[in-house]
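What follows is a set of notes on a single structure, which appears directly below.
Computation of the quantities below employed the complete heavy-atom set of this structure, encompassing side-chain atoms and omitting hydrogens, waters and symmetry-equivalent molecules. In this text, all values refer to a predicted model and were calculated from it rather than measured experimentally. All chains are named by letter (A, B, ...) in the order of the sequence lines, taking the proteins before the strands, and each is independently numbered beginning at 1.
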Amino acid sequence: MIKLVALIPLFPLLGFLINGFFGKKINKGLSGAIASIAVLASFVIALIIFFELEHSELKSHTVNLFSWINSDTLKIPFEFLVDPLSSWFLLIITGIGFLIHIYSIGYMHNDEGFARFFTYLNLFVFFMLLLVLGNNYLIMFVGWEGVGLCSYLLIGFWFKNTAYNNAAKKAFIMNRIGDLGFLLGIILIFVTFGSITYGEVFSIASGGNEHTITAIALLLFIGAMGKSAQLPLYTWLPDAMAGPTPVSALIHAATMVTAGIYMIVRSNVFYSISEEASHVVAVIGVATALFAATIGLFQNDIKKVLAYSTVSQLGLMFLGLGVHAYSSSVFHVTTHAFFKALLFLGAGSVIHAMGGEQDMRKMGGLKKALPITFVTMLIGTIAISGIPPFSGFFSKDEILAHTYEHSPVLWFFGQIASMLTAFYMFRLLYLTFYRKFRGTHEQEHHLHESPKSMTIPLIVLAILSVVGGLLGLPEFWNLPNWMHHHLDPIIIHKSPSILNHDKEWMLMAIAVFAAGATIFFAYMVYIKNKVLPEANDEKLTGIKKLIYNKYYVDELYDAVIRKPLDIISVFFYKFMDLQIVDGIVNGVGSTVKGISSVVRKAQTGHIGLYIFSMVIGIILILFYSFIK
Amino acid sequence: MLVGLLIIVPLIASLLVFFTKGKAARNLALGLSVVEFILSLVVFLQYKHNPDSKDLILNCAWIESLGIHFAVGIDALSLLLVLLTTFLVPLIILSSYNTNYDKPHSFYGLILMMQMALIGVFTANDGFLFYIFWELALIPIYFICLVWGGEDRGRITFKFFVYTLLGSLFMLVGLIYLYNHTGYETGIKSWAIADLYTAGKAMNLSQQSFVFWSIFLAFGIKMPVFPLHTWQPDTYVTAPTQGTMLLSGIMLKMGTFGLIKWLMPVTPLALQEWGGLAIGLSVFGIVYASCIAIVQKDYKRLVAYSSIAHVGLIAAGILSATQQGIQGAVMQMLAHGVNVVGLFLIADILMRHTGTRNIDKLGGIRSMNGNFAVLFLIVLLGSVALPLTNGFVGEFLLINGVYQYSAWVAAFAGLTVILGAVYMLRSYQAIMLGERRDSAIAFGSLVSSDKLVLYIICLVIVVFGVYPKPLNDLAEEGTKAILTYIK
């Protein structure tokens with residue numbers, strides 16, 4: 001079956017083609033069914049392949065499709081790699097992807113672009129699968145840019161809205177900044193190792209110059225910053241919430257944005273060699289985690305809270321990568337995919353019930369009207385806040401424990417970030433589901449639980465969010481950490497844990513206590529004291545205002561990058577091109593013209609004058625030959 | 001003999017069309033250009049079957065006393081450029097089906113005449129013949145722009161003509177200088193390309209530098225590279241759409257092709273000395289033209305500047321003198337040729353359907369015609385070199401080649417990845433997305449000829465993005481052959 005791995009991306013591709021060409025002609029039910037079945041088929045094959053690999057002695061299988069780009073020594077085949085890492089990501093992408101397809105059938109049922117939506121969604125799954133399946137960096141790059149395209153198309157799905165279009169464009173361009181870094185990184189890998197195929201490069205990477213490897217690792221990381229929304233390239237992700245909510249769940253939470261983590265885990269050998277690069281990754285990761293978490297505290301749009309939470313959680317995963325806890329980060333990618341997809345889909349269910357309203361200040365008391373949504377979102381919130389035994393607790397704890405080994409300072413900031421997470425998530429829960437309803441009468445009248453196609457995915461994801469922790473139980477409890485063993489074959493330089501059990505117990509206790517205290521604090525603020533975020537944001541002052549306005553980073557980029565680019569462009573066009581360069585060209589032209597018009601005056605047409613000048617000429621020639 | 005037919009068929013076709021009255025002229029022109037395309041496919045198969053076949057070379061004495069031969073031949077590189085030409089000309093003719101040009105027999109006759117000259121340029125193996133074809137190509141396009149062009153065409157076409165002619169004269173000087181250095185051992189002077197290579201290599205640095213700059217000037221103007229480009233935007237905007245397509249799709253490749261085949265192998269020393277400066281100009285031109293494209297309002301002028309940016313990267317890749325750089329340049333020449341024809345057709349469609357190309361006045365066309373929006377998007381993606389489109393293969397290899405010359409230069413050149421997305425997405429959004437503007441009200445479905453051309457172009461963009469091997473193999477082979485002369 002492993003030989004048939006190409007079927008996994010093929011099905012969504014077929015779904016894309018069918019819906020793309022015939023979507024308008026077939027009815028919505030069929031169109032949604034085709035798209036969902038395509039992803040389900042991929043999931044089934046991914047599952048079969050996953051178990052086949054589990055039982056196989058050989059942990060890495062390549063499947064060659066055709067030769068793609070050849071240039072002398074640079075040989076880039078279109079080739080897939082099935083190994084523990086890719087097979088695991090295949091399951092996440094197709095599994096969560098399938099659930100979100102089902103959910104979308106309900107969520108999008110009234111939209112006139114229904115078939116177009118599923119066309120894009122299938123295309124996204126196709127590219128995401130290429131990204132993780134490729135056996136060399138360029139195939140990863142194909143998927144990488146392809147998912148960027150789909151993200152662009154889906155953020156701007158409602159293309160009549162200018163703000164959405166701007167968000168889509170911003171996402172694409174910011175990602176391209178990262179992509180340039182990635183591309184240069186790939187080229188440096190080729191120049192250094194003579195190949196960009198994983199196996200060939202990794203087997204000789206240890207022999208490479210450390211400075212070069214640091215450069216490679218940092219260039220790749222620039223790509224990851226763009227795709228996974230890390231400082232300073234994160235601002236596109238909150239704006240990306242313009243897309244339909246299932247898109248936010250699938251692309252901007254569960255799968256695409258974790259591509260950066262996949263990339264670094266895949267390239268772990270470089271980061272294990274280069275401590276400097278790993279340091280950069282860890283610092284940027286923790287800084288992003290903290291920074292985004294603070295912004296999340298003051299957001300009132302339910303999707304924006306989740307967006308900043310995603311940025312923050314991704315930061316935590318990069319922190320894990322930076323301290324070489326690769327399998328812990330993949331573990332967190334997995335649990336995060338469960339609970340963050342759940343939270344987004346839950347938010348979608350709320351928005352659906354509220355008739356499109358996203359402002360939490362106008363919600364409240366929804367737990368009666370939307371019981372399933374409430375319970376599942378409560379589970380998701382507990383999971384992300386790190387309360388045992390829910391899944392988020394185990395994966396986050398693993399990352400923080402490994403961080404502590406490396407640097408207690410980084411651990412401290414990571415711990416603060418996860419406390420903030422618990423606070424704003426419970427703030428979200430309280431404002432949305434508790435207290436009194438604050439919307440209009442009309443909205444109250446229409447409140448309803450979502451259809452089954454939407455609630456069933458919520459329930460499945462909620463179950464996964466509860467039990468997901470079983471994938472990586474703490475080893476010091478003498479329990480099997482399945483994830484760690486599963487990924488063992490692809491981690492090239494292993495670093496054994498040096499923490500003793502007492503320390504681990506202590507860290508765990510601190511984490512649980514901190515989360516509990518924070519939740520209690522949120523309870524006091526939002527339930528006991530019934531605090532409501534200011535209706536009028538202008539009243540805010542000082543640091544609150546700064547954070548509410550997201551530290552003015554967008555404004556800063558506008559002033560530092562966008563405006564200067566426009567000014568330079570106008571300068572190049574109006575002055576350099578039209579005045580200087582073309583001015584010189586025209587100047588040369590008119591000089592020639594001017595000289596000609598002077599010289600032309602000699603052509604008078606008087607024969608006498610011509611004879612006279614001939615005689616002068618002859619005399620001069622004779623004179624010259626005499627003195628010579 | 002086959003290669004001779006490649007030149008003779010468009011010549012005869014052009015004469016036939018000249019003498020055809022009325023609308024029949026364009027049908028005849030289309031039919032004959034398709035015949036030429038089929039012929040080029042036969043040549044392709046023949047080359048694949050046996051690259052040394054006698055059918056693929058033609059060499060007869062022309063002016064014996066001066067060592068001038070009518071020598072043409074097919075090698076890997078010229079084959080690719082011939083295929084590009086014969087593929088694009090029918091599309092260019094088809095794209096004109098919704099515009100009624102005056103004196104159609106002359107218009108289409110000139111297009112075919114130009115095709116003949118272009119194929120001559122790409123197949124010539126004799127320096128003098130190359131020069132003749134080179135100049136011959138200028139005459140039809142001059143008339144096409146002058147007679148059928150838009151506003152202020154007289155002044156603009158004159159500038160274009162004088163500018164390129166001036167460059168060509170410098171090339172002639174360079175070629176004659178080179179010719180005078182042939183035959184040191186045998187005493188027989190020759191224009192044959194192999195003899196010119198030998199003569200060039202035997203020169204010292206200052207002699208080579210002279211040849212390098214005099215020929216580079218001609219190629220640099222034709223492409224054009226910064227700062228020799230100012231004739232281009234005006235000419236592209238004023239020329240009739242088909243003229244712009246010929247200029248940007250095929251004619252500018254004369255410059256880049258010339259650089260590979262007629263300059264690099266001749267002056268390897270000068271290349272080492274001056275390559276850096278030339279690369280610097282090309283790469284600066286990428287960023288410069290991209291920035292300018294960002295602030296353009298006329299979509300046709302925007303595409304014109306984007307073409308300068310693309311060609312800057314192509315030139316830099318060639319001058320890096322690496323396998324990946326030159327091969328990427330060849331692949332990008334093919335991709336750019338196809339994509340830019342698509343973009344100019346889109347500019348033409350916008351003009352015909354809305355009466356304007358000003359992006360400030362356009363908007364919301366997508367809600368009128370979703371089909372067109374998709375086709376436009378695919379061409380755009382090819383142009384911004386998204387992977388699995390034809391543009392990516394070339395761009396990746398190009399940046400790779402430039403990187404081997406200098407990492408920093410590559411990083412600067414790579415800004416095209418970002419800036420290209422900026423100007424392309426900005427304009428796409430302004431034209432296609434958002435609420436429908438008044439200009440878009442009458443935007444109905446496309447006419448079938450436009451649709452057909454766009455479908456073919458989009459198909460090529462995707463097919464050769466996914467499976468570039470047939471073309472890439474030739475580009476690889478051709479580049480290797482050239483590099484043996486340079487190194």
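- Proximity to chain A is limited to the side chain of L377(B), based on heavy atoms less than 4.5 angstrom apart.
- Looking only at distances, no side-chain donor or acceptor of K160(A) sits under 3.5 Å from a matching main-chain atom of G364(B).
- Looking at V384(B), the atoms closer than 4.5 Å to chain A (heavy atoms on both sides) sit in the backbone and in the side chain alike.
- If you measure heavy-atom distances from A413(B) to chain A, you find no contacts under 4.5 Å at all.
- Across N165(A), I177(A), L180(A), the residue that shares the most heavy-atom pairs under 4.5 angstrom with chain B is N165(A).
- Heavy-atom distances place no part of L228(B) under 4.5 Å from chain A, backbone and side chain included.
- Neither the backbone nor the side chain of F571(A) comes within contact range of chain B; no heavy atoms are under 4.5 Å apart.
- Both cation-pi conditions hold for R116(A) and F157(A): the charged atom is under 6.0 angstrom from the six-membered ring centre and inside a 45 degree cone around its axis.
- Per-residue counts of heavy-atom pairs under 4.5 Å with chain A were compared for N472(B), N400(B), V374(B), I294(B); the largest is that of N400(B).
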* Check step by step if side-chain hydrogen bond (donor to acceptor under 3.5 Å, both in side chains) holds for T119(A) and N19(A). => CA-CA 5 Å; T119(A) 311; N19(A) 267 326; 5.0 Å; no

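- In this structure, the portion of L397(B) lying under 4.5 Å from any heavy atom of chain A is its side chain and not its backbone.
- Neither the backbone nor the side chain of R155(B) comes within less than 4.5 Å of any heavy atom in chain A.
- Under a 4.0 Å N-O distance rule, the pair K159(B)/D582(A) qualifies as a salt bridge.
- A donor-acceptor pair under 3.5 Å links the side-chain atoms of R176(A) to the main chain of V417(B), judged by distance alone.
- Residue Y164(A): no heavy atom, backbone or side chain, is found under 4.5 Å from chain B.
- In terms of non-hydrogen atom pairs under 4.5 Å with chain A, the most contact-rich of R436(B), R366(B), R426(B) is R366(B).
- Remark: the backbone N or O of G317(B) is paired with a side-chain donor or acceptor of S320(B) at under 3.5 angstrom.
- Between F392(B) and W68(A), the two ring planes are parallel [angle under 30°; tilted spans 30° to 60°].
- The only member of N136(A), T197(A), N64(A) that meets side chain to side chain donor-acceptor pair (under 3.5 Å) when paired with E79(A) is N64(A).
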* Any chance you could lay out the side-chain hydrogen bond (donor to acceptor under 3.5 Å, both in side chains) test for Q327(B) and D72(A), step after step, and finish with the verdict? => CA-CA 10 Å; Q327(B) 187 182 338; D72(A) 203 24; over 6 Å; no

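- Ring geometry, F572(A) versus Y288(B): the interplanar angle falls from 30° to 60°, so the pair is classed tilted.
- Taking the centre of each ring, Y137(A) and F141(A) stay at or above the 6.0 Å mark.
- If you measure heavy-atom distances from L565(A) to chain B, the contacts under 4.5 Å come from the side chain alone.
- Side-chain rings of F372(B) and F443(B) approach one another, their centers coming within less than 6.0 Å.
- Using a 4.5 Å cut-off between heavy atoms, Q404(B) touches chain A through its side chain atoms alone.
- For the set L578(A), D577(A), N175(A), I69(A), the count of heavy-atom pairs under 4.5 angstrom toward chain B peaks at D577(A).
- Neither the backbone nor the side chain of M174(A) comes within contact range of chain B, judged by heavy atoms closer than 4.5 Å.
- For L138(A), the part lying near chain B is the side chain, with the backbone staying farther off; criterion is any non-hydrogen pair under 4.5 Å.
- Interface summary for chain A: among Q323(B), Q429(B), E435(B), the most heavy-atom pairs under 4.5 angstrom belong to Q429(B).
- Put simply, of Y305(B), F226(B), W231(B), the one with the most heavy-atom pairs under 4.5 Å next to chain A is Y305(B).
- Contacts with chain B were tallied for V585(A), T162(A), V191(A), I584(A); V585(A) has the most, counting heavy-atom pairs under 4.5 Å.
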